[in-house]
Amino acid sequence: MKLRFTKMQGLGNDFVVFDAIRQKVELTPETARHYADRRFGIGCDQILLVEPPRLPETDFHYRIFNADGSEVEQCGNGARCFARFVRDQGLTDKDEIPVGTAAGKIRLYMEADGQVRVDMGRPELRPERIPFLADSEADTYEITVDGQRCLIGAVSMGNPHAVLMIDDLDSAPVAELGPLLESHPRFPQRVNVGFMQILSPQHVRLRVYERGAGETLACGTGACAAVVSGQLRGQLTTRTRVSLRGGDLMIEWRGPAHSVWMTGPAIPVFEGEIER
Ligand SMILES: N[C@H](CCC[C@H](N)C(=O)O)C(=O)O
């Protein structure tokens with residue numbers, strides 16, 4: 001039996017998307033790892049499942065699996081690809097698409113220029129909800145990694161993020177520090193690690209070592225978390241261009257009572273079938 005899939009990418013963060021409405025898809029961590037494997041499978045950073053709605057007032061449910069097989073709560077670049085997929089596949093003709101995720105509801109908006117704008121919901125800053133082990137909520141936290149003292153921001157966009165400020169992104173120790181922070185004991189569910197260089201109050205560069213996938217060319221929730229952390233530190237305005245290795249996202253946030261908005265591209269690459 002074969003499974004139909006669509007390969008998609010958002011700024012080089014790539015996905016295998018399965019329509020689990022019109023075909024039966026049963027993913028396990030093992031099969032997710034296989035499909036994500038760039039030599040033995042199809043190859044991607046994350047696998048996205050398009051399912052019938054589960055939450056009230058939503059049109060679809062959206063599930064995300066990292067390349068390591070772990071199921072996670074949210075994926076920003078994937079949300080944009082989700083919107084493009086359900087439109088291209090004729091599963092909806094709406095320009096505003098309410099979607100349920102393990103982290104709650106998000107709303108996807110098809111823009112006239114082909115980009116997708118997403119209401120990513122409000123960031124979660126309470127340590128126990130990130131989750132992050134800390135005595136109290138703060139804009140920054142000291143954490144010791146491999147004997148080094150680092151200053152991080154800690155933010156959840158439904159999935160956990162640690163954000164470090166870096167003076168020169170090109171020489172940032174992403175490969176060394178990323179995995180050490182990803183599995184740091186103060187993050188009980190592991191964490192995505194963002195390395196941010198602030199160029200101006202309206203423009204940052206960002207690299208992300210993703211939980212369960214390693215460094216990716218872009219991370220949508222990482223861009224949201226980085227802008228939230230940069231604003232909490234008083235260094236960014238409410239509308240910031242985030243330049244990632246794979247391209248730019250526009251992120252807007254007007255403060256704790258508001259959603260974070262993300263706008264960027266979503267591109268289909270090819271369709272195919274794979275043995276179940
Ligand atoms: N690695 C993330 C999931 C994918 C997020 C990323 N691809 C995005 O665009 O937000 C995690 O384990 O929480």
Side-chain angles (χ1 to χ4, degrees), residues 7-17 27 29 32-33 35-36 38 43-49 62-85 99 101-104 106 108 115-121 123-124 129-132 154-163 174 178-179 181-184 187-196 206-229 242-251 253 259-267:
K7 188 75 192 334
M8 301 189 76
Q9 59 88 7
L11 301 180
N13 182 198
D14 65 339
F15 308 100
V16 168
V17 188
L27 268 193
R33 281 192 294 273
Y35 295 141
R38 297 191 185 281
C44 63
D45 295 325
Q46 280 89 29
I47 290 167
L48 311 181
L49 287 193
Y62 164 37
R63 292 173 69 190
I64 304 118
F65 294 77
N66 280 318
D68 71 354
S70 57
E71 183 168 2
V72 292
E73 314 86 344
Q74 193 54 272
C75 176
N77 290 323
R80 301 195 314 276
C81 289
F82 186 105
R84 179 65 189 274
F85 178 85
V99 177
T101 72
I106 55 175
L108 316 176
Q115 295 213 103
V116 183
R117 181 171 161 75
V118 184
D119 173 351
M120 292 293 293
E124 176 57 72
R129 300 283 185 92
I130 292 174
F132 174 56
V155 178
S156 171
M157 289 307 301
N159 58 345
H161 290 268
V163 182
V174 176
L181 265 167
E182 178 202 12
S183 55
H184 195 284
F187 288 98
Q189 291 178 12
R190 298 188 298 165
V191 70
N192 299 282
V193 186
F195 299 79
M196 172 164 64
L206 180 71
R207 292 172 67 182
V208 183
Y209 187 92
E210 285 200 33
R211 175 179 64 170
E215 182 173 8
T216 57
L217 293 181
C219 179
T221 51
C224 295
V227 167
V228 168
S229 182
V242 179
S243 293
L244 299 124
R245 292 176 64 190
D248 289 2
L249 288 173
M250 189 51 73
I251 306 293
W253 186 52
S259 284
V260 182
W261 290 80
M262 167 189 63
T263 304
I267 311 293

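Counting starts at 1 for both ligands and their atoms, in listed order.
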Colleague: Side chain or backbone of Arg190 under 4.0 Å from ligand 1, or both, or neither, by non-hydrogen atoms?
Modeller: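 Neither part.
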Colleague: For Gly220 and ligand 1, does the shortest N/O to N/O distance drop below 3.5 Å?
Modeller: yes
Colleague: Between Tyr209 and Pro179, is any pair of side-chain heavy atoms under 4.5 Å apart?
Modeller: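 Tyr209 reaches Pro179 side chain to side chain.
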Colleague: Find all atoms of ligand 1 within a distance of less than 4.0 Å from any non-hydrogen atom belonging to Asn66, and give their numbers and elements.
Modeller: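 Per the distance check, 1 (N), 2 (C), 3 (C), 11 (C), 12 (O).
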Colleague: What protein heavy atom sits nearest atom 7 (N) of ligand 1, and how far off is it?
Modeller: Asn13 OD1, 2.8 Å
Colleague: Val17 and Phe82: side chain to side chain contact (heavy atoms under 4.5 Å, CB included), yes or no, with the steps?
Modeller: CA-CA 8 Å; Val17 188; Phe82 186 105; 5.9 Å; no
Colleague: Is Met157 in contact with ligand 1, taking contact as a heavy-atom separation below 4.0 Å?
Modeller: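 Distance cut 4.0 Å: Met157 fails for ligand 1.
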Colleague: By number and element, which atoms of ligand 1 are closer than 4.0 Å to a non-hydrogen atom of Asn159?
Modeller: 2 (C), 11 (C), 13 (O)
Colleague: Indicate whether any N or O donor in one side chain lies under 3.5 Å from an N or O acceptor in the other, for Asp45 and Thr216.
Modeller: no
Colleague: Should Leu49 and Phe65 count as side-chain neighbours, where that means a heavy-atom distance under 4.5 Å?
Modeller: yes
Colleague: Given 3.5 Å as the limit, does a donor-acceptor pair link the side chain of Glu182 with the main chain of Gly212, or not?
Modeller: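 Looks like yes, one N/O pair under 3.5 Å.
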Colleague: Which atoms from ligand 1 have a heavy atom of Asn77 less than 4.0 Å away?
Modeller: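 Once the distances to Asn77 are compared, the set is 8 (C), 9 (O).
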Colleague: Does Val72 reach ligand 1, in the sense of a heavy atom lying below 4.0 Å from it?
Modeller: yes
Colleague: If I take atom OG1 from residue Thr221 and atom CG from residue Asn159, how far apart are they, to the nearest 0.5 angstrom?
Modeller: 4.0 Å
Colleague: Looking at ligand 1, is there an atom of it that comes within less than 4.0 Å of some heavy atom belonging to Asn192?
Modeller: yes
Colleague: Measure the distances from the heavy atoms of Cys219 to every atom of ligand 1 and state whether one is below 4.0 angstrom.
Modeller: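 Distance cut 4.0 Å: Cys219 passes for ligand 1.
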Colleague: Do Asn77 and Gln46 pair up side chain to side chain, a donor and an acceptor below 3.5 Å, judged on atom types alone?
Modeller: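 No donor-acceptor contact under 3.5 Å links the two side chains.
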Colleague: Between Ser156 and Arg129, is there a side-chain heavy-atom distance shorter than 4.5 Å?
Modeller: no
Colleague: What is the closest protein heavy atom to atom 1 (N) of ligand 1, and at what distance does it sit?
Modeller: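 So the nearest neighbour among protein heavy atoms is Glu210 OE1, 2.7 Å.
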Colleague: Under 4.5 Å between any side-chain heavy atoms of Asp14 and Arg38, yes or no?
Modeller: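 In short, these two side chains touch, coming nearer than 4.5 Å.
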Colleague: Evaluate Glu73 for polar contact with ligand 1, using N/O atom pairs at a separation under 3.5 Å.
Modeller: no
Colleague: Does Gly76, backbone or side chain, put an N or O under 3.5 Å from an N or O of ligand 1?
Modeller: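 Yes, Gly76 has an N/O under 3.5 Å of an N/O on ligand 1.
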Colleague: Would you say Thr221 and ligand 1 have an N/O pair spaced under 3.5 Å apart?
Modeller: yes
